[in-house]
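For reference, the structure discussed in these notes is given below.
Hydrogens, waters and symmetry mates play no part in the numbers below; they use all other heavy atoms, side chains included. Computed from a prediction, not measured in an experiment: that's the story for all the values here.
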Amino acid sequence: QVQLVESGGGLVQAGDSLRLSCAASGLPWRDFAMGWFRQAPGKEREFVAAVRWSGGDTYYADSVKGRFTLSRDKPKNTMHLQMNSLKPEDTAVYYCATGRRPIVTAISALSSYNYWGQGTQISVSS
């Protein structure tokens, strides 16, 4: 059974940093992608960042490029999202997700991901 366990959320001030982690277990694929999405109150869930596990290629939403960095620990099937220069508009519930290796053009699509974590809240005050 696939499990995704997120950690690292919290309440911070604008300009602060946070690191999210997601540990995956029970994955049925040898080649897959892992990603982060977020959902703010009253808004749709949106793509934040993703990594194609085997090659390590990373992808970012324009809104977080230059501020967020995604890394992976292959032996532990864990990915980390380092978030710097946080802004109030980054406030949302952040979800970890995984899916069988999607094509690059679909890496940001929710439909490319089969399993989701429970979500972790990040709140950024101004």
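For the pair Val48 and Leu81, the minimum side-chain heavy-atom distance is below 4.5 Å. Two residues are said to be in side-chain contact when any heavy atoms from C-beta on lie closer than 4.5 Å; Gln121 and Tyr94 fail this criterion. Contact of the Thr98 side chain with the Trp116 side chain is not registered, since no non-hydrogen atoms from C-beta on lie closer than 4.5 Å. At least one side-chain heavy atom of Ser63 sits under 4.5 Å from a side-chain heavy atom of Arg38. Val64 is not listed as a side-chain neighbour of Trp36, based on a closest heavy-atom distance of 4.5 Å or more.
With Tyr95 as the aromatic partner, Arg45 meets the cation-pi criteria of under 6.0 angstrom to the ring centre and within 45 degrees of the ring axis.
Residue pairs that meet the salt bridge (Lys or Arg N to Asp or Glu O under 4.0 Å) test with at least one member in residues 4-19, sequence neighbours left out, do not exist here. Sorted by first and then second residue, the disulfide (SG to SG under 2.5 Å) pairs with a member in residues 56-107 read Cys22-Cys96; sequence neighbours excluded.
Val124 and Val93 fall into different hydrophobic clusters, where Ile, Leu, Val, Met, Phe, Trp and Tyr residues are linked whenever their side-chain heavy atoms come under 4.5 Å apart, directly or through other members. In the hydrophobic clustering of this structure, Leu70 does not group with Val5; members are Ile, Leu, Val, Met, Phe, Trp, Tyr whose side-chain heavy atoms approach within less than 4.5 Å, directly or through other members. Following chains of ILVMFWY side-chain contacts shorter than 4.5 Å, one can reach Val51 starting from Tyr115, so the two form part of one hydrophobic cluster. Cluster membership check: Tyr60 shares its hydrophobic cluster with Met79, using side-chain heavy-atom separations under 4.5 Å among Ile, Leu, Val, Met, Phe, Trp and Tyr.
Between Lys76 atom NZ and Lys74 atom NZ the span is 15.5 Å, to the nearest 0.5 Å.
A donor-acceptor contact closer than 3.5 angstrom is absent between the side chains of Ser71 and His80. Judged by distance alone, the side chains of Ser54 and Asp31 do bring a donor and an acceptor atom under 3.5 Å apart. Side-chain N/O atoms of Glu89 and Thr91 include no donor and acceptor closer than 3.5 Å.
What you find for Arg72 and Trp53 is that their closest heavy atoms are NE-O, 2.9 Å. Between Arg52 and Pro102, the closest heavy-atom pair is NH2-O, 3.4 Å. Heavy-atom minimum distance, Ser126 versus Pro88: CB-CG, 3.8 Å. The two residues Ala50 and Tyr113 make their nearest non-hydrogen contact at CB-OH, 3.4 Å. Here the closest non-hydrogen pair linking Ala24 and Leu4 is CB-CD2, 3.5 Å. Looking at every heavy atom in both residues, Asn84 comes nearest to Ser17 through OD1-OG, 2.9 Å.
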Decide side chain to side chain contact (heavy atoms under 4.5 Å, CB included) for Leu27 and Val2; before the verdict, give the C-alpha distance in whole Å, the side-chain angles of both, and the deciding distance to 0.1 Å.
CA-CA 5 Å; Leu27 296 176; Val2 175; 3.9 Å; yes
Please assess Leu86 against Leu18 for the test side chain to side chain contact (heavy atoms under 4.5 Å, CB included), listing each intermediate value before the final yes or no.
CA-CA 8 Å; Leu86 283 162; Leu18 273 178; 4.0 Å; yes
For a side chain to side chain contact (heavy atoms under 4.5 Å, CB included) check, start with the C-alpha distance between Arg100 and Phe32, then their side-chain angles and the critical distance, and finish with the verdict.
CA-CA 4 Å; Arg100 189 174 181 179; Phe32 55 95; 5.6 Å; no
Would Ile122 and Leu20 satisfy side chain to side chain contact (heavy atoms under 4.5 Å, CB included), going step by step from the backbone distance to the final call?
CA-CA 10 Å; Ile122 291 179; Leu20 296 181; 3.7 Å; yes
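In this structure, the ring of Tyr59 has its center no less than 6.0 angstrom from the ring center of Phe47.
Here Asp90 does not pair with Lys87 in a salt bridge; the nearest charged N to carboxylate O distance is not below 4.0 Å.
In terms of modelled atom types and a separation under 3.5 Å, the side chain of Arg67 and the main chain of Ser85 share a donor-acceptor contact.
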